Every structure is written in structure tokens, then in C-alpha cells.
Protein chains: 2
Amino acid sequence: MSVRDQATAAQAAAKGLRALPGARRSKLLRGLADALLDAATRETLLAANEADMADAERAEAKGELAPALVKRLALTPAKLDGLADGLRQLADMPELVNERELRRELDEGLVLERVRCPLGLLGVVFEARPDAVPQITGLALKSGNAVLLKGGHEATRSNQAMVEVIHRVLAAHDVEPAAVGLLVDRSEFQALLDQDDLVDLVIARGSSAFVRMVRDNTRIPVMGHAEGLCHVYLHAPVDPEMAARVVVDAKCDYPAACNAVETLLWHPDAGAALDACITALREQDVELRGCEATRARHADMKSATDEDWDTEYTAKILSIRQVADLDAALAHIAAHGSKHTEAILTDDPDAAEAFLAGVDAASTFHNASTRFADGYRYGLGAEVGISTGKLHARGPVGVEGLLTYRWLLRGNGQIAGDYGPGKKAFTHRDLE
Amino acid sequence: MSVRDQATAAQAAAKGLRALPGARRSKLLRGLADALLDAATRETLLAANEADMADAERAEAKGELAPALVKRLALTPAKLDGLADGLRQLADMPELVNERELRRELDEGLVLERVRCPLGLLGVVFEARPDAVPQITGLALKSGNAVLLKGGHEATRSNQAMVEVIHRVLAAHDVEPAAVGLLVDRSEFQALLDQDDLVDLVIARGSSAFVRMVRDNTRIPVMGHAEGLCHVYLHAPVDPEMAARVVVDAKCDYPAACNAVETLLWHPDAGAALDACITALREQDVELRGCEATRARHADMKSATDEDWDTEYTAKILSIRQVADLDAALAHIAAHGSKHTEAILTDDPDAAEAFLAGVDAASTFHNASTRFADGYRYGLGAEVGISTGKLHARGPVGVEGLLTYRWLLRGNGQIAGDYGPGKKAFTHRDLE
């Protein structure tokens, strides 16, 4: 089936998803969770994944595939448990489709409502990571959207096996299986991006370069993080032990993540906290690159160049810069940050609030690791991705970010020409 | 000053607007309303507008400018009264900037908030209509956004006089006047669209062709209606008198508006209502174009071609088509509508609800004219425009559509590595 045909079928199936009562939607999600816990199904999924892994390991041995990528490809019983758990959480969350957000009388017998509704058809493109398939499917179904998935080539067999399970569960719950489609060939990737009359939103998961490439190749709106260039700023007084713990987590918990820290800023009075951070980061084999003032205190590190302030390392590398004061920290972040996640570490509550008010980013933290910027951690059930755009959804995107709204007006024959200066007036009275 | 410099200054001024307490924001809007009511200021504004009008009337006489455009250009004391009234309504509306939408404990001492915030810097491009300047400025200030305005060439003197008034009021309220900038030259139009690192959203007001042209010439997200191809569907039983009144309003109240009806659909059982509509439309000199079944009943009208179903006339022309049933009406709307505004006229409540549920459009109405799709009529205070996109804001866009949100997290040194399977669990408890 061509991508065009798949998209057309998915869009048609979306109507059924939109109309599904909330209780049936939850039952469907629980059915999917049950399938992932079923012994025979798990065997099939793990066997498909083993075949993908064997190919990937051969490619890794030849140096054609990065070890990190191979690691991410692996499905395990523990991962399947986690995925089933996530689907159950989604099932338990309140139903948002068709939720009324506003009810307003415009005049007697003329009542306006604003209700939430699905976007329609999502296109999701992601790199090798078969657990993304049930995660994204769960979010799409919870929000009443149909979805076309285009995963990484390395995970083809795993993704196919997963989508077969999903199709079985959809059919068992009387939902058109075409609501969830899988694209496999590389050529289908561009074909998906060309369906701007059928696909309402493309969600791009992967590196910044990948997201940019997607954005440059489609007229469909794209949700994704253009870059994750996050800062941690040390402001005195600050507990050195706390600072070291948070900075190590922000850099080392998952260095390739978009919410990892890339640059550490420090106030001249926060030298002790800086020292503690540097000691702890060195224990984790993090490569450090410092400005002149930083190197005056810690000579044994590379000089940071101007380029470092604009680099998302996605590796165990950290640049360090002294800033004169909080305003200078804000100015550095405004000039070099990607509006993703910024954090201040300090025991001074006024400085913390000034930082929270002064930063323009999707997420701004006080005394917490940048790694918390995540849909699961925020309690959104899961996330389809993190958005660094300002429109529609910002930061981690869960179910709400996949919904839009529509206006409904019920009258008894009112016409606009009857209202205006010297004519009838609107009552504009919010109801309930 | 170059457009780049104006955008840089406006972005800097946006920080002040964002931080402005709600009471001062309301005072500023009332100050602007007062200025529009001040006798000396009015004299200046009306004199500038008279000069624009004189030029426009000369151009009209030479056939270089459409009469409708000249009419829209006129500022009158009554229009200024209405603008002042609109600004006062905005001042009275609740303050939304910095409003907390969510407060959630992730764990003991780790509290997440989602707060509303301005988008930053708006670029608004619109055709000749000087009343757009105070309207858009009011919405921008209420939502804490800076704005660069690019109006039509014909209204240059009126727009300049209006922005001078605005600058004086801003300065009197200790707000940086650069927060509201005016671009005048045609060359500055493309320069504005090029500032994708400074401008967060472009709002395009004007014809569909104008909005498309803007969209094709910028990387900045554009809000605007791509097209307003709206339908009214007559479903039996339906009161012929009501149907005629609503359809005439939907077509004739303002035929050039995006929420005017372009195609009338009718069920075979709704012939009496159709007849009443046709009689009433003919009295208003509306040109009618019918399908075969329509012409079998009313021979004296032009045949509609396939092209008619996809045409936004923006004139007193209406195409008419018979559809077999409600599903066929929904199918016609899905195939030819622009997701703007769709209406059903019927006394059958079940058919009405099926229509409201089945249409995918920004606005869907039962027994009301499509002309109600408007920010002022919806009680949004005013509108910057109507969006036919599904993302961010849909339908008439008021203050809320000019806001986004950001996430704030306050902790005491928590790290992400401490949470997960076999480690600490999140509490995810919504507070308040």
C-alpha cells in the first residue's frame, strides 16, 4: 500500500477514534498493556528484536553503527513491563477528548462552547528505538488521533512485530487497524512528509540535526526540539555538595539527551561550589573546557572557544564560564540557550525567583537537575517529544499537546446583522 | 531605523511588557482609550485620515483602488468611540499573563508549575484599515507581547498618527515605546518576514491570497485564515422563514468576509426552505449558481461547475447544491470546506448534533449565521484574526491565542538519577 493510501486510510480511521467514548478508549489502552504482558506475544516481540540486534551488532563490529544506538535498540522483558505500566497510566488518566473548556451565552438562546478535539492524523518519525512504537501509539490513541509511524531502519523487525500486536488489539476492540500505520522504507519517509493535505502534525524525535532536516523537508507543522542547549548557573550562597550532585546528574545521567547540561555558568562568589562540581565531574571522566577566569582557578583544563558556548555536545563534555552576576548569566542564556531547559542552583530565594522570571525557556528550574524536563517526570503519562517552539505545546508534550479545540454554537435562527451599535447587545455570560 | 533595529528594540521592550503587573497593564489600556476620546488627539487622527482618504479617492476615480477598500480606510468619530470601548473591555478582562495553569508536586519539595506567558514579539501585517492599529495594539499589550505593525500603503498617514498617539501613551505609562513599532515602506515588509530569530509569530490579516503569500515568504509561524469557504446546510424539518433570514445574513451581511457563506447545501426534503432562501437572496441581488437538481426546481439560474464548490467568492454570489442526506452534506464539506465555519439549519435536534459532531472545522453552528464566527461576537474582547490552522489557536484569536506557557520547577537539590524502577517514585500530586 502506498504512503498516500495508508495516510488516507488512517485519516478515515481517525473519525472512529475521535468518536470513541472515553471508557472504550481506556479499555483499548488496557488491552494493549495486557498484550505486552502476554507470554506468547512477548516471545514474538523479543525474537524479532533479537534478529534486529544481531544485525546491529554485526554493523557495530564493522564500525557502521554507534554502540549507543545498538544499546537503545534492545527490547527486554523489563522494558515491556515499563511500557505496559505506561499504557495503564494513560488509561487511568482523565479523558480529554470532547472535554468542554468553555460554555458562554452570547445572547438568549445562543450558546457558544469550546470543546477539545484530536488534531487528526499525526506523522511521527523517530530513530532506532522500538519502545517508541507503543509509547507514541498510546499517546495517539488517548488523544483520539490516528498515527503513521516511521521508525529507524535498524528496528524494522521489532517495529513490525509491535505494530502487528497493536493491529490485533485494535481489531479486537472494534477500532479500524489502519488508525496506526507503520512505514518501513527509506523512500516512504519523504512520501510521509509530502502528505500536507492529510497529515496535521509531524513529530520528529531524534537529534537536533534530524529534527532540522525534517523541518526543512515538509510544509506540515513539525513539533520537536531544534536543539537542547541547557545551562546550569551557580549563584552564591549555594551548597557545594548539592551543586556537585545536581551538575553531575544533569551532565552524566544521559549525556546524549536533549535535557543534559552543556554549559555551567558560575558567579565569582560561587567558587567553592564550582570546585566541588569540577572534582565530581572529573570522577565521571567528563571533559571540561573553561573560560579564562575558570582556568585561572583550575589551570588543568582546555580553553573553551566561542564555539563551545553554542555547542550541544551530546557527550560527556562540559563548557564552564564565569559570569559577573545574575544579569550576565541571563544575558549569556538569552544569547546562547535554545529555550529548552535552564537551571539556577542557589540558596538565595530572591535570586532564584529573579532567574525563574527572567529566563525565556520552555522549562526553568531552581535547585533541580535539567534532566527532570521530561513528560513522564512531569506526570504527563509519557511524552511524544519535547518542543522548543513557543506555539501550541512547549516543553515535554503529552496528551494535551496532541489536542486542539473547536467552537460549537447553538442558536434558534439568530443573525449577526441584528447585533451591533444601536442594535441588540451580546450578553457574553459564562455558564457553569 | 532598520527593521532589524526596530525588531531588536521591540524584543528588548517585550521584557518590560511581560513583567508589567496586571493593574498597570489595564491602566495603560484605559490610557489609550482616553487618548482616542481626547478632542485634540481626534483632530490630529482625523486630519491624517482625511489626507489618506483624499489620495485614495483620487486613486479610486482613476480606477486604481477598489471602492470597498476606500470605504474601509475611513476613520470616523463613531469608529474611534468603538475602538476606545474595545480597549476598555480589554482592560476589564481578567489578567492572563503569568496566570498559573497547573501546580503539581512531583515529590516532596519538588513542585512543578505551568504558567502562561507572552509569545514575545509579534509581527502583524494587514491591508488598509487604520482601526486595526489600536485593536491589534490593545490585544498585544493585554497579552504582554511587543508588536511590529505593517499596514497598507493607503493608510500610512493614519497609521503613523495612530502609532504616535500610542507611543505617547506608552511613554506616559513608563513603558518603552519601542514595544509597538510601525513599518511603512513596502521594502520593510519582506525585511519583517526575514527576522525569524526575533519575531515569534506573524499574524496575517487580509485576503486568502495575501495570507498564502505571507506564508510562502517566511520561516516564522504564520497565523491567518488560508481560506474561508463556509457552508450552510438545510435539513428538514426546517422553518423556511428562519432559513431565509440566516442565509441572507450569512451571505449579505459582509460578502467579502471570510465567515460569509459560499455554498448552500440542501436535503431533498428541505425544498420549501430552499425556495424561501432563493426568493430572499434574489431580493438582495445575489447571483445564484445551482447544481442540476437545484435547477430542476429553479430553472432560472446559472449552472454551477465543479470549480464553484471550491471557490471563495468574497462577493454576492452563492452556489447551491442538493445532497442526498446528512452524510452526503458532511462528505461535501469535508471535500470542499476550509475548516473555517460550517452551519446546519434544522429543527431536528439529532441531525443537528450529528452535524456538530461530524464536521471538522474551527467553528460549527446550529441555527445561527456563519457570520457569528468572530472574536468580538465570541466575547474574546476582540480578535487579531481567524485561524484555520489546527495548532495553537483555532477560529477567532483573541488574547489567549497570543499567549503560550512555560514550566517552572522548584526543588532542593533533587536529581533525576534517584527516580525510576527500583528507586524513588514520583508522587505526581496536583496541588490546589
Side-chain angles (χ1 to χ4, degrees), chain A residues 15 19 78 82 104 106 110 112 117 119-120 200-201 221 239 242 245-246 248-250 253 345 352 356-358 360-369 371-374 377-379 389-392 394-396 404-419 421 426 428, chain B residues 15 19 78 82 104 106 110 112 117 119-120 200-201 221 239 242 245-246 248-250 253 345 352 356-358 360-369 371-374 377-379 389-392 394-396 404-419 421 426 428:
Chain A
K15 282 186 199 153
R104 177 177 297 158
L106 304 191
L110 188 64
L112 180 73
C117 65
L119 288 170
D200 295 291
L201 177 70
D239 174 21
M242 184 272 282
R245 191 158 36 95
V246 170
V248 164
D249 183 81
D253 185 52
L345 306 183
L356 292 178
D360 179 19
S363 296
T364 311
F365 296 173
H366 172 215
N367 287 353
S369 166
R371 288 278 296 140
F372 281 107
D374 169 278
R377 291 170 187 153
Y378 278 8
K390 285 186 173 181
L391 292 172
H392 194 73
R394 207 174 182 199
T404 181
Y405 57 78
R406 53 201 199 102
W407 301 90
L408 303 177
L409 181 66
R410 293 177 177 90
N412 47 37
Q414 287 87 347
I415 63 172
D418 283 350
Y419 298 82
F426 290 104
H428 287 158
Chain B
K15 283 187 197 150
R104 178 177 294 158
L106 304 190
L110 187 64
L112 180 72
C117 65
L119 287 169
D200 294 291
L201 177 70
D239 174 20
M242 185 270 283
R245 191 159 34 97
V246 170
V248 165
D249 182 82
D253 184 53
L345 305 183
L356 292 177
D360 179 19
S363 295
T364 311
F365 297 174
H366 172 215
N367 287 353
S369 165
R371 289 277 298 140
F372 281 108
D374 168 280
R377 291 169 186 152
Y378 278 8
K390 286 187 172 179
L391 291 172
H392 193 72
R394 207 172 181 201
T404 180
Y405 57 77
R406 53 200 197 103
W407 301 89
L408 304 177
L409 181 65
R410 294 179 177 90
N412 48 35
Q414 286 87 347
I415 63 172
D418 282 349
Y419 297 82
F426 289 104
H428 287 158

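This is a predicted model, so every value here is computed, not measured. Residue numbers begin at 1 in each chain, while the letters A, B, ... track the order of the sequences. Heavy atoms only: backbone and side chains are in, while hydrogens, waters and symmetry mates are out.
For the set B:Leu408, B:Thr364, B:Asp418, the entry with the most heavy-atom pairs within less than 4.5 Å of chain A is B:Thr364. The most heavy-atom pairs under 4.5 Å with chain A, out of B:Arg104, B:Arg371, B:Arg394, come from B:Arg394. Of the listed residues (A:Leu356, A:Asp374, A:Val246), the greatest number of heavy-atom pairs within a distance under 4.5 Å of chain B belongs to A:Leu356. Most heavy-atom pairs under 4.5 Å with chain B: of the set A:Ser369, A:Ala19, A:Ala416, A:Gly411, this distinction falls to A:Ala416. When the candidates B:Ser363, B:Ala373, B:Gly389 are compared by the number of heavy-atom contacts under 4.5 Å with chain A, B:Ser363 comes out ahead. Counting heavy-atom pairs closer than 4.5 Å to chain A, the top-ranked of the candidates B:Ile415, B:Thr404, B:Leu106 is B:Ile415. For the set B:Ala362, B:Ala368, B:Cys117, the count of heavy-atom pairs under 4.5 angstrom toward chain A peaks at B:Ala362. Of the listed residues (B:Pro221, B:Gly417, B:Pro396), the greatest number of heavy-atom pairs within a distance under 4.5 Å of chain A belongs to B:Gly417.
B:Ala361 touches chain A through its backbone: at least one of N, CA, C or O sits under 4.5 Å from a heavy atom, while the side chain does not. The contact between B:Leu119 and chain A is made by backbone and side chain atoms together, counting heavy-atom distances below 4.5 Å. Heavy atoms of A:Phe426 lying under 4.5 Å from chain B belong exclusively to its side chain. Neither the backbone nor the side chain of A:Leu345 comes within less than 4.5 Å of any heavy atom in chain B. Using a 4.5 Å cut-off between heavy atoms, A:His428 contacts chain B through its side chain alone, with no backbone atom that close. Both the backbone and the side chain of A:Arg245 come within contact range of chain B, judged by heavy atoms closer than 4.5 Å. Heavy-atom distances place both the backbone and the side chain of A:Tyr405 under 4.5 Å from chain B. Interface residue B:Leu112: only side-chain heavy atoms are found under 4.5 Å from chain A. Interface remark: A:Asp253 contributes side-chain atoms only to the contact with chain B (heavy atom separation under 4.5 Å).
The CG atom of B:Leu409 sits 10.0 Å away from atom CG of A:Asn367, with the distance rounded to the nearest 0.5 Å. For the atom pair CZ of B:Phe365 and CZ of B:Phe372, the computed distance is 8.0 Å after rounding to the nearest 0.5 Å.
For B:Asp360 and A:Lys15, the salt-bridge test fails: no basic side-chain N is under 4.0 Å from an acidic carboxylate O.
Looking at A:Leu391 and B:Leu391, their side chains never come closer than 4.5 Å, going by heavy atoms from C-beta outward.
For the residue pair A:Arg406 and B:Ala357, the shortest heavy atom distance occurs at NH2-CA, 3.7 Å.
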